[in-house]
Enquirer: 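I have a structure here, written as structure tokens, and I will follow up with some questions on it.
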Amino acid sequence: MEASRPADVSHYLGVFRRHWWIALIATGAGLGAGAALTSALPKVYESSTAVLVQALDQDTNAQGGRTKGSVNLDTEAQLVGSGAVAAKAAALLRSPRSPLELAKSVSVEVPANTTVLVITFKAGSPQEAQAGSHSFAEAYLRNREETAQSGLDQQIKTLTTKIKQLTTTLTGINARLSRAVKGSPDESNLQSLRNNSQNQLNGLTGRLNELTTTTVGAGNIISDARLPETPVSPNGMVNVATGGMIGLLLGCGLAFLRERFDRRLRTAADVRDRGRVNVLAALDERTTPHFDDVLQPYGAGGRVFNRLRNEILATLRPSDQVIVVTGASRGSAATLVAANLAAALARTGSDVVLIGAHLPDSVMDAAPLARMLGVSAVPGLSDLLAGRVGLARAVQRTPRIPSLRVITTGGAATAAGLMQSQRLKDTLETLRRQGGYIVIEAPSTSSSADAQSLASLADAALLAVELRRSRRPALLDAAEQLQRVGTPLLGAVVLPRLSGLRAAEATAPAVTLAPSPAGDKPQGDRQHGDRGAAALDNPLSDGDLTQPMRFPTNTMSAAEKAAKAAQAAKAAAKAAANEKTAEKPQVRPRSGRAADEITAVIDMSGLVKDGLVKEGTGTDGTAKDGDGK
């Protein structure tokens, strides 16, 4: 897991823009889950009944209670869900469910500043909800009325008992009073006792008359339960919205998790923050160079490379001349950067040599550098390092930028290990003495160790990073490789993915390599080759180059084309006259994608043989005519 990077709004927006599909899929899944949950959950209906509670004689409100008046509605709300009321409601509903189960489905609310209880019952059908609410309201009123009536009956019974006792007592007092002597103290006491008893009896009788005539009113239903039309649960809108929100949050979390563990470099900020490499230039689809030509100096892409050139020149020391350009991943990003950087340096008037050291895996990979700068693909660096050609012949001057010279990669694919040879070091030393800048197009650090070898010979290094293809470990490894050989890393040039550019360009090779039979080489050529291979800088004879070459016609002038055609015709005529065996010229069939580039394969072996026989000298030093006589 990588180190944390600075967090800002643009970073989060970039993450969401790159991984928006994850958030979209997760949000859709959340919405679907909410809808599925809504359809799977059982529907619940509820109905409410409003009951007005009337105060009774036995009602007493708790001191400091929440509700006003003589009735404590909080207590009454608890009584609605009691077992006694639930049993009466079950009897009214005639439900097989137990009273405790029914009590769990009822709820009571007490509106503020009222003596009203709102009894709500939930059930799986509208009819059950309506019947349950009404039954609990009716059961509550009956229970309250029965409780009040029971208390009233108990009071009546108690008063009746007391009245009977007073009546018996009063009868005894009257009997004693009839036997007492008039005027005696006993008569006076009995008289006073009879009056008190009579008064108590009268009071109890009056109280009993009130209780027997009292009507119990526990309350009444002021709003009966209605048949519900829609279920209260599940709430489809709430479930779907909640599922979508959870899915969005989960998608954002997955997007950031994927971004955190993703090793691909997607933006220039990733190269700077995650790769810890300074970004000198960042190109987009509008400024990215193509494989058909270098960027114009006054275009958008050309201005980017002009600024890159200025920054590099300001960073280099006066003695620094060699700049190696390598890639962090396989591909041709280093080729584009090296070619355009060399062109930008050459436009300042400095003498610049561009060396294509990215040895191709096949001949088709050698075409881009030659096509971009309008030079021949062979001879090149591989031919130079293999000793088949000298430095003077390997260096080609570009037709459009006079101060820019190019050493292409060459046509041989068997130069493995030559990047560590002494011949390469001697070549770079020779070019250093000539002055100017040397730009080396090296292979990627992830595909070959040649990049590190070339960097050890350079004064500065530049990384070409292809977005969405280069990975963070490869970038870190490239910087570490350059650091180990002691080459200063100036920074990175960031390019978008080049897959679209590759599809648009012509893929026909600029060079066709075909081995020539050993028997076709004349004796004079072998002698000349033995004498010419003595030194590196002495160019070999053209007779040593036995590979037929294909020249793109769009890189030659009209005069050059005519000269080549005349030379080919002359060679064919001489070959027919001398009855010498020669390979027939190969002509590439014309395709729709390469209609504007007509090329022909010219077999140079015949020209070499004829030229050596005609213009060369024998072993004895005497001149010979064209027939070798």
Side-chain angles (χ1 to χ4, degrees), residues 42-62 65-160 210-229 231-233:
K43 296 182 179 180
V44 177
Y45 296 85
E46 67 176 22
S47 182
S48 300
T49 301
V51 177
L52 178 63
V53 182
Q54 297 179 355
L56 298 175
D57 293 339
Q58 71 271 20
D59 289 331
T60 55
N61 196 354
R66 185 175 65 89
T67 58
K68 303 293 183 181
S70 59
V71 182
N72 191 336
L73 293 182
D74 290 337
T75 303
E76 299 300 321
Q78 296 298 321
L79 291 175
V80 174
S82 62
V85 175
K88 290 181 172 60
L92 293 174
L93 288 172
R94 298 178 181 178
S95 173
R97 299 170 59 186
S98 64
L100 293 179
E101 293 180 358
L102 292 175
K104 294 179 180 179
S105 302
V106 69
S107 60
V108 182
E109 295 181 2
V110 180
N113 301 324
T114 63
T115 56
V116 176
L117 296 178
V118 179
I119 302 174
T120 303
F121 187 82
K122 296 181 179 180
S125 65
Q127 293 77 12
E128 292 179 1
Q130 182 186 26
S133 177
H134 177 79
S135 299
F136 266 89
E138 187 69 27
Y140 165 73
L141 291 178
R142 290 185 180 183
N143 181 73
R144 180 174 172 80
E145 184 176 350
E146 291 176 358
T147 302
Q149 187 64 44
S150 176
L152 185 60
D153 294 342
Q154 185 64 31
Q155 292 181 15
I156 293 175
K157 182 179 180 180
T158 302
L159 290 175
T160 302
E210 292 178 1
L211 293 177
T212 54
T213 59
T214 298
T215 303
V216 177
N220 58 322
I221 298 175
I222 59 176
S223 178
D224 203 354
R226 297 181 180 180
L227 188 68
E229 298 178 355
V232 295
S233 178

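Basis for what follows: all heavy atoms, side chains included, without hydrogens, waters or symmetry-related copies.
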Enquirer: Over all heavy atoms of both residues, which pair between A77 and V110 is shortest? Give the atoms and the distance, please.
Expert: CB-CG2, 4.2 Å
Enquirer: Return each pair, listed once, that meets ring-ring contact (aromatic ring centres under 6.0 Å, His included) where at least one residue sits in residues 84-122; pairs must be two or more places apart or across chains.
Expert: F121-F136
Enquirer: Between N72 and E76, does any side-chain donor sit less than 3.5 Å from a side-chain acceptor?
Expert: no
Enquirer: What pair of heavy atoms forms the shortest contact from S47 to A129, and how long is it?
Expert: CB-O, 3.5 Å
Enquirer: List the atom of T115, the atom of L73, and the distance in Å for their closest heavy-atom pair.
Expert: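 Taking T115 first and L73 second, the nearest heavy atoms are CA-CD1, 3.3 Å.
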Enquirer: Quick one: do D74 and Q78 satisfy side-chain hydrogen bond (donor to acceptor under 3.5 Å, both in side chains)? Show the steps, please.
Expert: CA-CA 6 Å; D74 290 337; Q78 296 298 321; over 6 Å; no
Enquirer: Would you call Q54 and N220 a side-chain contact if the rule is heavy atoms closer than 4.5 Å?
Expert: yes
Enquirer: Shortest non-hydrogen contact from N143 to T147?
Expert: O-OG1, 2.7 Å
Enquirer: Could you grab the distance from atom CD1 of I119 to atom CG of L141, nearest 0.5 Å is fine?
Expert: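 Spacing of CD1 (I119) from CG (L141) equals 7.0 Å.
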Enquirer: Would you mind listing every salt bridge (charged side-chain N to carboxylate O under 4.0 Å, His left out) that reaches into residues 118-143, with sequence neighbours excluded?
Expert: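 Checked against salt bridge (charged side-chain N to carboxylate O under 4.0 Å, His left out) - neighbours excluded - the pairs reaching residues 118-143 are E138-R142.
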Enquirer: State, to 0.1 Å, how close E46 and V232 come at their nearest heavy-atom pair, and which atoms those are.
Expert: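 Shortest heavy-atom separation between E46 and V232 comes out as CG-CG1, 3.6 Å.
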Enquirer: In this structure, are over 12 heavy atoms from other groups packed under 6.0 Å from R226 atom CZ?
Expert: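 Result for CZ/R226: open.
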Enquirer: Test of understanding: with side-chain hydrogen bond (donor to acceptor under 3.5 Å, both in side chains), list the residues that count as partners of T49, not counting sequence neighbours.
Expert: S133
Enquirer: List the residues meeting salt bridge (Lys or Arg N to Asp or Glu O under 4.0 Å) with E109, not counting sequence neighbours, and say none if there are none.
Expert: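 Residues passing salt bridge (Lys or Arg N to Asp or Glu O under 4.0 Å) with E109: none at all.
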Enquirer: Looking only at atom types and distance, does a side-chain atom of T160 sit under 3.5 Å from a main-chain N or O of I156, one as donor and one as acceptor?
Expert: yes
Enquirer: Going by the rule side-chain hydrogen bond (donor to acceptor under 3.5 Å, both in side chains), which residues pair with S48 if we only count those two or more places apart in sequence or in a different chain?
Expert: T120
Enquirer: Mind checking side-chain hydrogen bond (donor to acceptor under 3.5 Å, both in side chains) for D224 and listing every partner two or more places apart, or none if nothing turns up?
Expert: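 Only H134 meet the side-chain hydrogen bond (donor to acceptor under 3.5 Å, both in side chains) criterion with D224.
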Enquirer: Kindly give the heavy-atom pair with the smallest separation between V116 and A50, and that separation in Å.
Expert: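 Looks like CG1-CB, 4.1 Å.
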Enquirer: With heavy-atom distances below 4.5 Å as the criterion, would you say the side chains of L117 and Y140 are in contact?
Expert: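 They are in side-chain contact.
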Enquirer: What's the separation between atom CD1 in I221 and atom CG in L52, rounded to the nearest 0.5 Å?
Expert: 11.0 Å
